[in-house]
Number of protein chains: 2
Amino acid sequence: MRPTAKDLAEAAGVSLATIDRVLNERPNVSPKAAKKVAEAIERIGFIRNPAAVALARNKTYRFRFVLPTSGDQYLTELIARVSEAKDVLRAESTEVEVVRIPMIDPHHVAKYLTAIDHCSVDGVAVMAPESPQVRDALVRLVERDVKVVQFLSGQERLESADYVGVDNFAAGATAGKIAGRFLGAQAGKIMIVAETMMALDSIQRRLGFDSIINTQFPHLESLPSLETYADEKRADLIIQRTLQHNPDTVGVYVLSSEARVPLTAVWNAQGSRPLTVVAHERTPFSEQALMDERIDAVIAQDPGHAVRSALRIMRARSDHRELLASQERIRIEVLLKENL
Amino acid sequence: MRPTAKDLAEAAGVSLATIDRVLNERPNVSPKAAKKVAEAIERIGFIRNPAAVALARNKTYRFRFVLPTSGDQYLTELIARVSEAKDVLRAESTEVEVVRIPMIDPHHVAKYLTAIDHCSVDGVAVMAPESPQVRDALVRLVERDVKVVQFLSGQERLESADYVGVDNFAAGATAGKIAGRFLGAQAGKIMIVAETMMALDSIQRRLGFDSIINTQFPHLESLPSLETYADEKRADLIIQRTLQHNPDTVGVYVLSSEARVPLTAVWNAQGSRPLTVVAHERTPFSEQALMDERIDAVIAQDPGHAVRSALRIMRARSDHRELLASQERIRIEVLLKENL
DNA sequence: CAAGTTTTGAGGTGCGCACCTCAAATTTTG
DNA sequence: CAAAATTTGAGGTGCGCACCTCAAAACTTG
């Protein structure tokens, strides 16, 4: 039979009340008693019954995803995955909500985050671009004992918060390797398109991409990054112009999570030239384009996994539990038509 | 406040005892009462508290992984992942054990499986090659109400059991696509090596691989499958002979989970010819070889994910719970040096 | 309609722990 | 050494449900 707290009290030679004080880190425990309990825990192999803990605490966990208002298919997918998790977690007294706020103005984001307190929310997963104000706001959130997860976003990583997402330099390097190897002996230029190069993740992907192209594929050349600002007309214009000026373009790399606008522009402008195309993130658009062989490879991070991981992390932090690190690492996936 | 069973009883106009009978599918419930309860559940949004259920049931779950005695690094990795999960699950009254049995003799495997009963084990995850005896034994296990998971193995899929693992045809196709695209314009032959072609997964991978090579890369030719039987000397011999007879070999595809023996043989025999190499599964060996650029790509399925998925499935089946299908699909991963 | 069968309700117990109170024992301090 | 502060123990309650018993009520059958 598995030892209970009562057994532990007996083994440690203290009362149940003291066991309770030790296990729940309550005040007024002498070092001597704490040591006796710790030893007894080791000796009899005591493990708290999580079900009993959850039942007795009878606590409701409240977690919040803070996502941008802007965004296309990838964001939609993310929100769908959150809804899915919400249904599952309802059984476990865990409320999950999504709040979308405009990320253009860092002050506004910071203000929103600052208004959150420990009473209304246990944990927040934030997807916001890098800015000192937002970073400060996150640090202050942590100080107010709200569990913070930096979620799939191009911010400086905080020490005091968890990060969920891939290493974007490595993701860019992976894209570079795929593009380079798929192009084989073909020489020429690679067009690089992003929504904006303000985001840290775009910068890191670009750096990773270039690091591979420059060292391993010297016959290829990455063009300067084009920025669409998620504007279709602007995308059409600058992409068409770039393709005209660079008739020796052999490939396209879309840095952003949303590839629909830039790639539609590319296909409008490309004429009949076959280009090797690498993009990021699995969306209905990129999936279809892979099937149609208009995209050669997609570098992706599983949004479902990311959402569940963020929730597991916030939950574990709330309970002061350890978590299985290997389960929380988000993989850089390479998607082809064949392994969708 | 979240509704409890008591609230449900009130809402349905029945007693707690009847609620209990309905929720736990006990006998002696009139259709009328069952309907009243079902409606009330919908109406007030009742959800059983899993923590309370677990506590009240106070059940210990016993799951078993049945793995081959033979095997190299991938099997070691799998077992390590099981141990990891074991530690985590101990808190949740779940015992996990690994049993390794020789898979050469299907009768022996079947006999072992037949000896398992519902009293000693709640669920079994079996990694065994295809054979009618084993299949029968699995079916009978299911009939005895043991939850069965077909685990990463080349068996015919049972309807009555769950399967954890990738679609091996698609995995082979992915390998084919990567090999074909990485070879680019190069023409020549691809050597294909397996431990044995008796296993269904090897056959399916081969079919998937060929389907891509034959249709999309007509300048490449897959050689007949070599079988090493996990024997180093035999591997050295047949691989050397094949490379001599086929001086126009440009690539190697290792079908099996364990690539160490065949690839060591290839590198012993290859001279200075640079070959494009695609293998399966991430192991210390394949990881190092990717880093050293002696393997170009590895097609993998995450063993940690597979183990956790099998455990989640067995647990959910034991509790008659639904599970989140999207979380249980094992991805066909493409590993390069850059996204390790 | 009586005897049998099925269905229902009332009530209790226990799962393992968190959280609370209050008094007693022990240690610290002036 | 007395007063104050700290530490400890005993005991209780409740979390939401499973599982059990027994009697009462509601149906079914001949």
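For the numbers below, each heavy atom of this structure counts, side chains included, while hydrogens, waters and symmetry mates do not. All chains are named by letter (A, B, ...) in the order of the sequence lines, taking the proteins before the strands, and each is independently numbered beginning at 1.
Under a cutoff of 6.0 Å and an axis angle of 45°, A:R315 and A:F63 do not form a cation-pi pair.
Residues of residues 23-35 of chain A having a heavy atom closer than 4.0 Å to DNA chain D, listed by number: A:N28, A:V29, A:S30, A:A33. For DNA chain C, the residues of residues 8-22 of chain A within the heavy-atom distance limit of 4.0 Å (strictly under) are A:D20, sorted by number. For the contact set between residues 36-60 of chain B and DNA chain C, defined by any heavy atom under 4.0 Å, the members are B:L55, B:A56, B:N58.
Under the salt bridge (charged side-chain N to carboxylate O under 4.0 Å, His left out) criterion, A:R100 pairs with no residue, sequence neighbours left out. In this view, A:R57 satisfies the salt bridge (charged side-chain N to carboxylate O under 4.0 Å, His left out) rule with no residue, not counting sequence neighbours.
Close approach of DNA chain D to chain A, defined as any atom under 4.0 Å from a non-hydrogen atom of the protein, starts and stops at D:dT7 to D:dG16.
Exactly one of B:V126, B:V124, B:V146 qualifies for a side chain to side chain contact (heavy atoms under 4.5 Å, CB included) with B:L138. That residue is B:V126. Among B:R64, B:R144, B:K59, the single residue meeting the salt bridge (charged side-chain N to carboxylate O under 4.0 Å, His left out) criterion with B:D122 is B:K59.
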side-chain hydrogen bond (donor to acceptor under 3.5 Å, both in side chains) evaluation trace for B:E281 with B:Q301:
CA-CA 6 Å; B:E281 306 315 347; B:Q301 47 191 344; 3.1 Å; yes
Go through B:I79 and B:T76 one step at a time and tell me if the side chain to side chain contact (heavy atoms under 4.5 Å, CB included) criterion holds.
CA-CA 5 Å; B:I79 291 170; B:T76 305; 5.9 Å; no
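Residues B:E77 and B:R81 are paired through a salt bridge, judged by an N-O separation under 4.0 Å between the basic side chain and the carboxylate. Under 4.0 Å is where a charged nitrogen must lie from a carboxylate oxygen, and between A:K36 and A:E39 no such pair does. Looking at B:R317 and B:D162, a side-chain N of the basic residue comes within less than 4.0 Å of a carboxylate O on the acidic one, giving a salt bridge.
Side chain of B:Q150 to backbone of B:L158: a donor-acceptor contact under 3.5 angstrom is found.
Distance check, rounded to the nearest 0.5 Å: OH of B:Y163 to CD1 of B:I330 gives 9.0 Å.
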